[in-house]
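Just so it is clear, the values below take in all heavy atoms, side chains as well, and ignore hydrogens, waters and symmetry mates. The structure presented is a predicted model; accordingly, all values stated were derived computationally and were not measured.
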Amino acid sequence: MKRSTKLTLALAALLIAAALLFGLYRVTRPTPTQGKKAIEVVVVHADKSEKAFRYETHEQYLGPLLLKEGLVKGEQGAYGLYIKEVDGEVADYATNGAYWALYEGELYATQGIDTTTLEDGDQFSLVYTLG
C-alpha cells in the first residue's frame, strides 16, 4: 500500500474516532434542570474560615449564577471561567500558587464552574487552595 493511502486511511480513522467521541459526549453530558432550584455554596477562605451562601435561582449553570450574584470574579479563558476572586479574597496562582478549587458535595468538580449544572438541593464549595 502506498504511503499516501495509509495516511489517508489513518486520517479517516482519526476523524471517525473524533466524531464518535463527540457524539458520546453529547449523549452523556449533564443536562441542566429547568425551574427554580435552591443551592448552597460554602466558601473556605485562606484562613480556613467558612461562609455559606444560599441561593434560589432559575439559572441552569453555577458560573453565571455566582457571577450575577457577585460572589466570584474572574476572566474567561480557553477552558471557561477562571476564578480569581471569591467573596472578596483573591487567589493569585502566579504569586504563590493559590487557586480556587471547586467541589460538588465532597468531590472535586470534574467540570468547570460555567459548565457545572444545577439541581435543587446541590451543595458546592469554593476552597482557597495552595498548589
Which heavy-atom pair separates [X] from [Y] by the least distance, and what is that distance?
X	Y	answer
Trp100	Lys84	NE1-O, 3.6 Å
Gly105	Ser125	O-OG, 4.5 Å
His58	Gly35	ND1-C, 3.4 Å

Going by heavy atoms in the side chains, are [X] and [Y] under 4.5 Å from each other?
X	Y	answer
Leu62	Asp122	no
Tyr128	Asp47	no
Leu65	Ile39	yes
Leu66	Phe124	no

Does [X] belong to the same Ile/Leu/Val/Met/Phe/Trp/Tyr cluster as [Y], with side-chain heavy atoms less than 4.5 Å apart forming each link?
X	Y	answer
Ile83	Leu130	yes
Leu102	Tyr82	no
Val42	Tyr103	yes
Tyr79	Val72	no
Leu67	Tyr99	no

Between the side chain of Lys37 and the main-chain N/O of Glu59, is any donor-acceptor distance below 3.5 Å?
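A pair under 3.5 Å: yes.
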
Side-chain donor or acceptor of Asp114 paired with backbone N/O of Gly80 under 3.5 Å
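Judged by distance alone, no pair lies under 3.5 Å.
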
Between CG of Asp120 and CD of Glu56, what distance do you get to the nearest 0.5 Å?
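Here the rounded value is 8.5 Å.
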
How far does OG1 of Thr116 sit from OH of Tyr61, to the nearest 0.5 angstrom?
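Atom-to-atom, Thr116:OG1 and Tyr61:OH are 10.0 Å apart.
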
If you draw a 6.0 Å radius around CD in Glu106, do more than 12 non-hydrogen atoms from other residues or ligands fall strictly inside?
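Atom CD in Glu106 is not packed in, count stays at 12 or less.
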
Partner of Val44 under side chain to side chain contact (heavy atoms under 4.5 Å, CB included), chosen from Asp87, Val127, Thr129
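Exactly one option meets the side chain to side chain contact (heavy atoms under 4.5 Å, CB included) with Val44, and it is Val127.
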
